[in-house]
Amino acid sequence: MTPDLSLSLSLAAPELIIALGAMALLMVGVFSGERANTTVTGLAVAVLIAAGAWMLLFTGDGTAFGGAFVSDAFGRFMKILTLIGSVVTLIMSVGFAKAEKFDKFEYPVLILLATLGMLLMVAANDMISLYLGLELQSLSLYVVAAINRDSARSTEAGLKYFVLGALSSGMLLYGISLVYGYTGNTSFEAIAAALGQGERQLGLVFGLVFVLAGLAFKISAVPFHMWTPDVYEGAPTPVTAFFAAAPKMAAMALLVRVTMGAFEPIAPDWQQIVVFIAIASMILGSVAAIGQKNIKRLMAYSSIGHMGFALVGLAANTEAGVRGVAIYMLIYLVMTLGTFAFILAMRRKDGNVEQIGDLAGLSTTNPGMATIMTILMFSLAGIPPLAGFWAKWYVFLAAIDAELYALAVIGVLASVVGAYYYLRIIKIMWFDEPVGGFLPMAGELRLVLGVSGAFVLFYVLIGAPIGSMAEAAAKSFF
């Protein structure tokens with residue numbers, strides 16, 4: 001084995017672990033039939049944990065496979081967040097899948113393949129590897145969205161996501177072809193070098209716009225958000241939790257890597273686009289959620305708004321901005337997983353309920369559950385001293401330091417408006433007449449809800465080491 005190949009394989013070992021694990025578990029599922037459903041899910045969680053442990057213990061910095069794959073502190077930080085999102089949503093899905101009768105072995109295998117695509121996205125250092133990772137993730141997610149074939153809503157969600165995803169994929173590919181046509185390269189470093197040499201051409205800016213449009217679709221930023229509410233509502237709840245968590249981490253990491261790497265020499269051009277997308281996402285996410293009655297649709301608009309807030313840090317184009325994005329995505333991940341653990345626990349004898357009105361009087365029937373959900377809602381609204389406040393603090397501070405005063409002011413106002421629909425849920429839980437309690441929470445859901453509530457509440461005590469890790473990650477680009 002040549003030294004270059006052995007270095008490449010060692011840097012990409014976590015991805016190889018997941019790829020081999022997914023293929024092995026596919027064989028286990030095929031030859032064992034339905035008996036292996038729970039076993040395959042457990043082994044899939046073990047494979048993801050093994051990949052994360054290897055990444056933390058043995059993976060160093062460097063480029064692999066001719067520069068198409070990069071391993072650095074930022075990549076490891078975002079990959080760990082992606083793996084946490086995948087592991088937790090897989091664990092949370094076990095009870096729901098059995099109750100709704102879609103506990104098929106294909107589900108954890110598809111989650112593994114989607115996660116593999118996400119890790120490749122985070123590590124992409126070339127337009128070709130970017131596209132391959134994105135498509136591996138997307139093709140798996142199209143199937144996962146429609147995994148519950150007995151549900152018309154799930155099938156519709158998968159179809160909508162597939163059609164709009166194919167459109168965004170085409171836009172991204174067209175943008176990549178324009179960038180290649182004007183720079184003669186697909187490598188991020190080579191594109192940056194070509195852009196730094198001469199005057200940028202109009203066609204190249206069009207390519208940049210199409211690339212950013214394709215990536216904005218993946219984080220469901222406005223105006224490429226139209227699939228989000230329908231898919232969140234229609235897909236099975238554990239799948240919705242997965243959509244809200246892991247893919248957002250990978251897509252945001254890729255957006256940061258593309259702008260800070262390949263297109264850094266034309267920063268004023270992409271900053272304008274990112275500022276527009278951030279403002280539009282914050283405003284729509286804050287306003288459109290107000291009239292929602294389904295809690296999963298509300299979380300869809302909430303995620304659109306939060307991606308807008310995270311983009312405020314990217315728009316600053318500074319080390320503090322990238323650090324703010326990393327911290328924001330970590331806190332958003334924890335808040336989202338906790339909230340979806342709560343939504344999965346909204347279960348009565350006749351099945352799961354999703355209407356916000358079903359939470360009426362929850363403080364009377366289940367005060368512990370209502371208390372933790374209240375903490376999470378206050379955090380999502382950005383109320384100090386909870387974690388959600390610090391997430392916004394870092395990105396707004398980066399925007400102010402970069403003299404993007406209007407963007408920061410709009411962000412604060414959007415945050416105030418958005419607080420209304422979080423506070424409305426708290427009001428319904430604590431002050432409305434009870435409409436009946438829920439069944440006891442499953443142990444894994446209670447654990448996720450408790451840990452996320454504790455993290456959000458005591459973030460001020462553990463914020464310093466998290467900030468240090470995010471700062472080390474941000475230094476990868478500066």
J.: Is the backbone N or O of Gly285 less than 3.5 Å from a side-chain atom of Ser302, with the two atoms forming a donor-acceptor pair by type?
T.: no
J.: When you look at Phe309 and Tyr332, which way does the ring pair (Phe, Tyr, Trp, His ring centres under 6.0 Å) test go after all the steps?
T.: CA-CA 10 Å; Phe309 290 120; Tyr332 165 79; over 10 Å; no
J.: Verify, without hydrogens or angle tests, whether Thr336 (side chain) and Leu333 (backbone) share a donor-acceptor contact under 3.5 angstrom.
T.: no
J.: Within this structure, what is the CD1-CG distance for the pair Ile80 and Leu119, rounded to the nearest 0.5 Å?
T.: 9.0 Å
J.: Taking the six-membered ring for Trp, are Phe65 and Phe69 parallel (under 30°), tilted (30 to 60°) or perpendicular (over 60°)?
T.: perpendicular
J.: So Trp390 and Tyr394, would you call those rings parallel, tilted or perpendicular, with 30° and 60° as cut-offs?
T.: tilted
J.: May I ask you to decide if Leu449's main-chain N or O and Ser452's side chain share a donor-acceptor pair within less than 3.5 Å?
T.: yes
J.: Check side-chain hydrogen bond (donor to acceptor under 3.5 Å, both in side chains) between Gln137 and all other residues, then give those that pass, not counting sequence neighbours.
T.: none
J.: Sub-3.5 Å donor-acceptor pair from the side chain of Trp270 to the main-chain atoms of Phe263, do we have one?
T.: yes
J.: Show the numbers, then the answer: is there a side-chain hydrogen bond (donor to acceptor under 3.5 Å, both in side chains) between Ser169 and Tyr131?
T.: CA-CA 9 Å; Ser169 182; Tyr131 189 73; 2.9 Å; yes
J.: Have a look at Leu130 and tell me which of Leu172, Leu120, Asn125 forms a side chain to side chain contact (heavy atoms under 4.5 Å, CB included) with it.
T.: Leu172
J.: Using a 6.0 Å cut-off, check whether atom CZ of Phe162 has over 12 heavy atoms from anything other than its own residue.
T.: no
J.: Counting neighbours of CZ on Phe96 that are heavy atoms of other residues, nucleotides or ligands and sit closer than 6.0 Å, is the number greater than 12?
T.: yes
J.: Would you indicate whether Phe206, at its atom CZ, is surrounded by more than 12 heavy atoms from other residues, nucleotides or ligands within a distance under 6.0 Å?
T.: no
J.: Given 3.5 Å as the limit, does a donor-acceptor pair link the side chain of Arg257 with the main chain of Val122, or not?
T.: yes
J.: Compare every heavy atom of Lys79 with every heavy atom of Ala123, then report the nearest pair and how far apart it is.
T.: CB-NZ, 3.7 Å
J.: Calculate, to the nearest 0.5 Å, the distance between atoms OH and CZ belonging to Tyr174 and Phe210 respectively.
T.: 6.0 Å
J.: Nearest 0.5 angstrom please: Leu195 CG to Ile266 CD1, how far?
T.: 5.0 Å
J.: Is Ile219 close to Phe224 at the side-chain level, that is, under 4.5 Å between some pair of heavy atoms?
T.: no
J.: Below 3.5 Å, can you tabulate the donor-acceptor pairs from side chains in residues 312-331 to any protein atom, sequence neighbours excluded?
T.:
residue : atom : partner : partner atom : Å
Thr318  : OG1  : Gly321  : N            : 3.0
Glu319  : OE2  : Lys475  : NZ           : 3.2
Tyr328  : OH   : His306  : ND1          : 2.6

J.: Between the main-chain N or O of Ser187 and the side-chain N or O of Asn185, is there a donor-acceptor pair closer than 3.5 Å?
T.: no
J.: Out of curiosity, Leu380 CG to Leu386 CG, how far, rounded to the nearest 0.5 Å?
T.: 10.0 Å
J.: Output the distance between atom CE (Met307) and atom CE (Met282), rounded to the nearest 0.5 Å.
T.: 12.5 Å
J.: Work out which heavy atom in Val222 is nearest to a heavy atom in Ile304; give both atom names and the distance.
T.: CG2-CG2, 3.7 Å
J.: Report the distance from atom CE of Met118 to atom CG of Leu81, rounding to the nearest 0.5 Å.
T.: 12.5 Å
J.: Would you call the rings of Tyr161 and Tyr142 parallel, tilted or perpendicular, taking 30° and 60° as the class edges?
T.: perpendicular
J.: Is it the case that the side chain of Ser379 and the backbone of Ile375 share a donor-acceptor pair, with hydrogens and angles ignored and the cut-off at 3.5 Å?
T.: no
J.: What do you reckon, is OH of Tyr180 surrounded by more than 12 foreign heavy atoms closer than 6.0 Å?
T.: no
J.: Hey, is the main chain of Ala278 close enough, under 3.5 Å, to the side chain of Ser281 for a donor-acceptor pair?
T.: no
